[in-house]
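Before any comments, here is the structure.
Below, read A as the first sequence line, B as the second, and so on, with proteins coming before strands; counting in each chain starts at 1.
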There are 2 protein chains.
Amino acid sequence: MRILLVEDEKGLGGAIREHIASEGHAVDWFETLSDASASLTTTNYDLILLDLLLPDGHGLDLLTRIRSAKNSVAVIILTALDQISDRIRGLNAGADDYLVKPFDLGELSARIIAIQRRLYADGTGMLTLGSLSIDLTNKIILNDGAPANLSSREWAVLERLLRHKNSIVAKSVIEDALYEYGAEVESNTVEVYISRLRKKIGKTSIETIRGIGYRMKV
Amino acid sequence: MRILLVEDEKGLGGAIREHIASEGHAVDWFETLSDASASLTTTNYDLILLDLLLPDGHGLDLLTRIRSAKNSVAVIILTALDQISDRIRGLNAGADDYLVKPFDLGELSARIIAIQRRLYADGTGMLTLGSLSIDLTNKIILNDGAPANLSSREWAVLERLLRHKNSIVAKSVIEDALYEYGAEVESNTVEVYISRLRKKIGKTSIETIRGIGYRMKV
DNA sequence: ATAAACCTGACAGCAACCTGAACAGTCACT
DNA sequence: AGTGACTGTTCAGGTTGCTGTCAGGTTTAT
């Protein structure tokens with residue numbers, strides 16, 4: 001997933017970033033609301049980890065703006081304020097979940113996985129797609145019973161397609177899921193990964209929509 | 001296991017720390033609630049040993065906060081207050097066990113082992129994994145009937161993998177289980193232990209997930 | 001027919017990983 | 001104190017497998 005982290009404590013921010021990145025997500029980390037909202041205008045995130053007390057304002061303001069712009073990105077609030085009123089305000093403002101500091105990084109992972117599952121309607125974390133069985137949580141994929149080993153980049157592409165199965169996923173969207181801001185790629189990387197995926201999980205599952213992108217059929 | 005010890009009596013704290021460490025666990029020892037809860041934000045513990053009367057507050061406050069943050073880490077309370085009311089309050093607040101001071105270090109070990117068993121769903125302390133039979137309580141492992149002797153560090157790695165069998169265990173997670181905060185290791189220790197484990201219990205049981213960590217298959 | 005878009009095999013570079021070996025420290029036993 | 005077995009850590013050299021790029025072929029739209 002592509003994750004936006006807004007946290008001004010450098011120690012905690014670094015720890016979170018490293019932890020999430022090691023689980024295969026692309027993380028953009030900002031320490032202020034203004035930097036974060038600037039990045040929001042140009043990038044499509046799957047999840048925002050939002051601290052509330054920030055040097056240039058209160059995180060709930062950003063959340064309110066996000067929701068009033070009809071952006072349904074998942075948001076987990078990270079805050080030291082464990083008063084009930086703040087939790088309620090956060091959830092009312094449209095947060096999906098909250099974590100009270102201090103929290104355990106493993107707990108954060110669990111919440112992220114829960115969010116991730118919610119993105120795939122059924123909620124189990126298991127998917128069946130034709131002859132494919134996919135365990136998203138443990139990154140295991142069986143093609144007609146035979147295990148297929150996907151690299152982390154291949155998983156990222158597959159995940160992105162699964163999230164919008166039966167819908168068209170633009171090539172640029174896939175590219176954004178692969179690379180965080182900065183590292184730009186000039187060649188036909190996405191095509192190459194689609195090709196590699198097809199070789200591993202079967203040709204028929206991914207359809208090409210010429211000029212636009214790809215679609216994964218149920 | 002990675003264990004957080006909160007105890008302000010230096011003599012007792014040092015003794016506990018040394019005793020547990022000699023059994024292969026990584027121990028972080030703090031003498032105040034605030035230091036302990038700071039460490040909780042960045043580290044994944046398997047167990048907390050919690051004294052109640054501390055210089056900056058009462059241990060139950062920390063425990064309450066931990067549980068209200070939905071953190072399910074195991075907690076053993078260490079306290080000189082042997083009144084029934086305190087035990088009940090501790091267990092109500094979400095402690096897993098308690099020990100009344102003065103206690104025997106062997107008794108502590110026994111409680112830790114009990115906690116450890118509880119972490120492997122089945123509760124028997126015995127595991128079978130392909131041609132491996134593993135007795136967690138007595139640290140005996142049979143590879144196709146032939147006993148394999150594992151060092152304590154090797155056990156720590158194996159244990160960590162078994163706790164999450166069929167899931168991916170990040171290399172950093174294994175490292176955290178081996179080393180307490182501060183004593184950082186720069187070289188490829190985890191890889192070396194994985195290599196030694198494979199040599200002792202068979203190559204096939206531990207799978208490498210490149211760029212992330214390892215996975216133990218059932 | 002033509003150009004644009006796409007597919008895919010090949011490849012070099014590189015980071016991650018594996019593993020044998022060396023070495024100091026510890027422990028039990030003499 | 002000496003000895004030998006064992007452990008934890010580090011290092012170096014070899015291996016593996018991922019990644020991005022490209023070239024040349026194939027498909028599709030107009």
Side-chain angles (χ1 to χ4, degrees), chain A residues 18 21-24 26 139 141 147-158 161 168-172 174-180 182-215, chain B residues 18-19 21-27 139 141 147-161 168-180 182-215:
Chain A
E18 199 172 333
S22 81
E23 297 191 337
K139 301 207 173 181
I141 183 167
N149 287 321
L150 302 191
S151 77
S152 57
R153 285 280 203 271
E154 287 162 358
W155 266 108
V157 173
L158 178 64
L161 289 170
I168 297 170
V169 182
K171 209 187 262 190
S172 64
I174 299 176
E175 205 164 318
D176 283 354
L178 286 180
Y179 305 100
E180 45 237 29
E184 282 315 311
V185 177
E186 300 115 30
S187 76
N188 59 343
T189 327
V190 173
E191 291 166 21
V192 171
Y193 276 105
I194 292 288
S195 168
R196 287 175 182 162
L197 265 180
R198 281 175 174 152
K199 197 189 277 183
K200 289 187 177 178
I201 66 175
K203 269 204 190 318
T204 56
S205 32
I206 302 172
E207 181 189 2
T208 301
I209 314 297
R210 179 165 261 257
I212 309 181
Y214 300 89
R215 172 166 56 191
Chain B
E18 200 171 332
H19 182 75
S22 79
E23 296 191 337
H25 305 294
V27 187
K139 300 205 174 182
I141 183 167
N149 287 322
L150 302 191
S151 76
S152 64
R153 285 281 203 264
E154 287 163 359
W155 263 108
V157 174
L158 178 64
E159 190 195 14
R160 181 64 40 165
L161 289 170
I168 297 171
V169 183
K171 206 188 261 193
S172 63
V173 170
I174 299 176
E175 205 165 318
D176 283 354
L178 288 181
Y179 305 102
E180 47 249 20
E184 281 315 310
V185 177
E186 300 115 32
S187 76
N188 57 344
T189 327
V190 173
E191 292 165 22
V192 172
Y193 279 108
I194 292 287
S195 169
R196 288 180 180 167
L197 266 180
R198 280 176 175 150
K199 201 188 274 182
K200 290 186 178 178
I201 67 176
K203 268 205 191 317
T204 55
S205 32
I206 303 172
E207 182 188 2
T208 302
I209 313 296
R210 181 167 261 255
I212 307 181
Y214 299 89
R215 171 166 53 198

Any side-chain N or O of [X] below 4.0 angstrom from OP1/OP2 of [N]?
X: B:Tyr179; N: D:dG8; value: no
X: A:Tyr193; N: D:dT19; value: yes
X: B:Ser195; N: C:dG20; value: no
X: A:Ser187; N: D:dA23; value: no

CD (A:Glu207) with more than 12 external heavy atoms under 6.0 Å: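 Enclosed: over 12 neighbouring heavy atoms sit under 6.0 Å from CD of A:Glu207.
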Sugar-phosphate only, base, or nothing, as touched by B:Arg153 at under 4.0 Å among non-hydrogen atoms: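 Sugar-phosphate, backbone atoms only, no base.
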Let me know the distance between [atom1] of [X] and [atom2] of [N], rounded to the nearest Å.
X: B:Trp155; N: D:dT7; atom1: CH2; atom2: C1'; result: 17 Å
X: A:Glu175; N: D:dG20; atom1: CD; atom2: P; result: 10 Å
X: A:Ile168; N: C:dC6; atom1: CD1; atom2: P; result: 12 Å
X: B:Glu18; N: C:dT26; atom1: CD; atom2: P; result: 12 Å
X: A:Lys200; N: C:dT8; atom1: NZ; atom2: P; result: 15 Å
X: B:Ile206; N: C:dT19; atom1: CD1; atom2: C1'; result: 14 Å
X: A:Ile194; N: D:dG20; atom1: CD1; atom2: P; result: 14 Å
X: A:Ile212; N: C:dA4; atom1: CD1; atom2: P; result: 18 Å

Most 5' of B:Lys199 and B:Ile209 on DNA chain C, judged by nearest nucleotide: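 Per heavy-atom nearest nucleotide, the more 5' residue is B:Ile209.
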Contact nearer the 5' end of DNA chain C, comparing B:Val192 with A:Thr208: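 Here A:Thr208 is the residue nearer the 5' end.
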Distance-only donor-acceptor check, side chains B:Ser205 and B:Arg215, under 3.5 Å: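 The answer is no; no qualifying pair exists.
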Quiz item: A:Arg196 side-chain donor-acceptor pair to D:dG17 base, under 3.5 Å: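 There is none.
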So which nucleotide from [options] ends up closest to the side chain of [X]?
X: A:Asn188; options: D:dC22, C:dC18, C:dC11; result: D:dC22
X: A:Tyr214; options: D:dT28, C:dC7, D:dG8; result: C:dC7
X: A:Glu191; options: C:dT8, D:dC18, D:dG8; result: C:dT8
X: A:Arg210; options: D:dT21, D:dT7, D:dA29; result: D:dA29
X: B:Lys171; options: D:dT9, C:dC17, D:dC22; result: C:dC17

Close side-chain approach of A:Tyr214 to A:Ile168, heavy-atom, < 4.5 Å: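 A:Tyr214 vs A:Ile168: side chains apart.
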Test item: A:Lys139 and A:Asn149 side chains (from C-beta on) under 4.5 Å apart, heavy atoms: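 A:Lys139 does not reach A:Asn149 side chain to side chain.
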Straight-line distance of A:Leu158 CG to A:Tyr193 OH, nearest 0.5 Å: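 A:Leu158 CG to A:Tyr193 OH: 13.5 Å, rounded to 0.5 Å.
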Distance, nearest 0.5 Å, that separates NZ of B:Lys171 from OG1 of B:Thr208: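 Here the rounded value is 8.5 Å.
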Residue met sooner reading DNA chain D from 5', once A:Asn149 and B:Ser151 are mapped to nucleotides: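 Looking at DNA chain D, the more 5' nearest nucleotide goes with B:Ser151.
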